[in-house]
Number of protein chains: 2
Amino acid sequence: MATSMPTRRVTTYDIAKSLGVSRATVGFVLNDTPGQTISEATRTKVLQEAQRLGYRRHSAARTLASGRSHIVLLVLPDWPLDFSLRRNIEEASLTLDQAGYTLVTYTPHSSGQARPLWESIQPDVVLTLNSFAPGQAEAIRAAGITRLIPDPEAPPSEDYIDNGPALQLEHLAELGHTVIAYAGLNDPKVADLVNGRRDRAQKTATALGLRPISWRNINLTDESALAAIHDWRTAGVTAIAAYNDDVAAALTGAALRGGLTVPGDLSIIGLDNTPLSSMFQPQLSTINVDTAGLGRYLGRLALSSIEGTPPPAAGPEMRATLIPRASTAPLQETENS
Amino acid sequence: MATSMPTRRVTTYDIAKSLGVSRATVGFVLNDTPGQTISEATRTKVLQEAQRLGYRRHSAARTLASGRSHIVLLVLPDWPLDFSLRRNIEEASLTLDQAGYTLVTYTPHSSGQARPLWESIQPDVVLTLNSFAPGQAEAIRAAGITRLIPDPEAPPSEDYIDNGPALQLEHLAELGHTVIAYAGLNDPKVADLVNGRRDRAQKTATALGLRPISWRNINLTDESALAAIHDWRTAGVTAIAAYNDDVAAALTGAALRGGLTVPGDLSIIGLDNTPLSSMFQPQLSTINVDTAGLGRYLGRLALSSIEGTPPPAAGPEMRATLIPRASTAPLQETENS
DNA sequence: ATTAGCCACTTGCGCGGGCTAGTTCCTCTA
DNA sequence: TAGAGGAACTAGCCCGCGCAAGTGGCTAAT
């Protein structure tokens, strides 16, 4: 094999020349440019020739000429990419891809990457899952990017996804529990999320006329979980809403090893509907979040922002739903220490 | 505030005009173009004006003109991004950044993203940590990218990092153990890694004149770990080398809960030197891998490939080192079933 | 006196493709 | 039979920047 000399890349010009048409025509075909009429014969000729020559668009040239990079940047927080998040991203990516956009994910690292990614690739939109860190939105704007989602100016619309904690509380209340605790995760990286969910739970409790829930952040260890359970038991707690399924699992495991029964002595409900939650013994009641649906929604949100169309309606399929299983049960009206 | 009319972006032309110099001069200053002599006065004038006008380079135009995107793409496998991997990436990113390149990470998702990232952003190099999946290298080449690391044509140089398993075996052998088992992780996503390390361990055992190690992949559950331990104990195994610290922790925990002592009855050594390993009780012997150093090395490797300079020497600081702690001990010459 | 060479720049082409403003040809009326 | 109108294209500018090739002025060497 000859060490393939730097064989120039195939351009629209090559296609045009070899077909005896103009570059513009080729461009129109390749982009399905609206408002252009191209005969079916020419269209297929161009497409075939492009295929034959192995044409691939030059994204940089396209970006330069059109002013749009067709790249959507998703700024991720520093949390571990768990099961549900990955599904979410994947689905958003797919949605965007179908519209000709590419999703790039990026985690700004603390140890100061000098040139943030949004400067290097000029995305059309920058997304984030929670909200932009202080100063971050300004930095992105300064790089010439005008479309940020969620809009840093808009008030935080906490409401549109995270109704999971509300469902947890409603479920437990419905089972007759009145003394409920909230178990967060003691990890600074997700502190914001934990606090957000807890607040949501607290509000729901108030709305339901329950007494204010007591909360505590635990580590995923037996000791930590047991200590929390011990305190809550002495305070008369009969049900726990957990930040996520991992926390619920830790609590349930600790409770069982500590000689309690679940849900007999203690009802515990998680959130996320991870595969683990249904394999656990007892199977954990939890909240299912349609991550795939959320991902698609995020993708459509980005598209609407780019194309200036009205934002997609948040479909009901995206609301969290309760998955009652074996770790929650009606309050037993028995001896209470 | 006037809804800032679409205020055109600042270009080198603007700087040049406002300073009364040519665009080229501005470009030379902004890029420190070698082989060009620019007076200090002009240089600072240009820099100041660029600053004042808020100039930011247009990456697409730069890519188009120069033929290089200054982007390095790191294709990640589908594993969870654990502690050490993140450090690794971060360090590589930093190294590249200092040379004016940007590292973008990307995980191809199974559910078929239509347009892989390397087509959308035309990176100068595509890196991967292990090796390219079958067909992947060809796909990348087809997109016009010529620089792949590791070179798919080169024979796998298994040797340059993963001497960790060898160290594990040597350590255990040195302590007098002769019947040693290897515990992998039963997760299809990391199967290649597991197999690679196990092979490495196996080879070392042979080289040391030990009898072939028996191996088994476990899940991170008590039952799975206990079952493995039980079988190995009946086979006379006195020491276990684990795929990583998590596996070592699972085994150690299970052994203790199963009534054995570690390292009294069983020596166990992990790999990765995760924070967990030193917090465990007993503290786990493990292998430290200089992930930060490896990250820097990867970055330099990419740079050398782009700039055509000879590849960096793999410094000794990148070799794995043994961290002997409390979970391994000399073989007890006692009753052996 | 001529030439060579350096300094500090400038001119201008081209990267690949989008897109506006034509142009040509054909068909269909009145 | 002219003219309107549309279908099916083409010409050519422009995007912002890199870079090769120049350009005039000046000094140092032949």
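Chain A is the first sequence line, chain B the second, and so forth, proteins listed ahead of strands; every chain is numbered from 1.
Residue-level contact check: Thr11(B) touches the backbone only, with heavy atoms under 4.0 Å from sugar-phosphate atoms and none from bases. Among the protein residues, Val21(A) comes within range of the sugar-phosphate backbone only, with heavy atoms under 4.0 Å from sugar or phosphate atoms but none that close to a base. Residue contacts shown for Arg57(B) are limited to sugar-phosphate atoms, with no base heavy atom under 4.0 Å away.
Looking at Arg56(A), its side chain never comes within 3.5 Å of a backbone N or O of Arg9(A) through a donor-acceptor pair. Put simply, the side chain of Asp124(A) never gets that close to the backbone of Val72(A): no donor and acceptor are under 3.5 Å apart. Here the side chain of Asn31(A) pairs no donor or acceptor atom with the backbone of Thr33(A) at under 3.5 angstrom.
Computed from coordinates, the Asn31(B) CG to dG16(D) P distance equals 17 Å when rounded to whole Å. In this structure, CZ of Arg62(B) is placed 9 Å from P of dC19(D), rounded to the nearest angstrom. Computed from coordinates, the Arg9(B) CZ to dC14(D) C1' distance equals 15 Å when rounded to whole Å. One interatomic measurement links the two molecules: CD of Gln36(A) to C1' of dC9(D), which rounds to 8 Å at whole-angstrom precision. Rounded to an integer number of Å, the gap from Phe28(B) CZ to dA21(D) C1' is 10 Å.
For Thr12(B) and dC17(D), the shortest distance from a side-chain N or O to OP1 or OP2 is below 4.0 Å. An OP1 or OP2 oxygen of dC9(D) is reached within less than 4.0 angstrom by no side-chain nitrogen or oxygen of Thr25(A).
Glu49(B) and Ser18(B) form a side-chain donor-acceptor contact under 3.5 Å, judged by distance and modelled atom types alone.
From the 5' end on, the contacts that DNA chain C makes with chain B at under 4.0 Å to a non-hydrogen atom open and close at dC7(C) to dG16(C).
Contact between Asp14(A) and Val10(A) at its shortest, heavy atoms only, is OD2-CA, 3.4 Å.
Using a cutoff of 4.0 Å between basic side-chain nitrogens and carboxylate oxygens, Arg87(B) and Glu90(B) are not scored as salt-bridged. Under a 4.0 Å N-O distance rule, the pair Arg43(A)/Asp32(A) qualifies as a salt bridge. Classification of Arg141(A) and Glu138(A) as a salt-bridged pair fails, no side-chain N sitting under 4.0 Å from a carboxylate O.
At its two ends the helix from dA1(C)-dT30(D) to dA30(C)-dT1(D) runs along axes set 60° apart, each axis drawn from five pairs and the angle rounded to 10°.
Of the two residues contacting DNA chain C, namely Thr42(B) and Leu64(B), the nearest-nucleotide position lying further toward the 5' end is that of Thr42(B). Position along DNA chain D of the nearest nucleotide to Thr33(B) versus Ser39(A) favours Ser39(A) as the more 5'-ward residue.
Residues forming a side chain to side chain contact (heavy atoms under 4.5 Å, CB included) with Thr12(A) (at least two apart in sequence, or on another chain): Arg23(A), Val26(A), Leu30(A), Tyr55(A).
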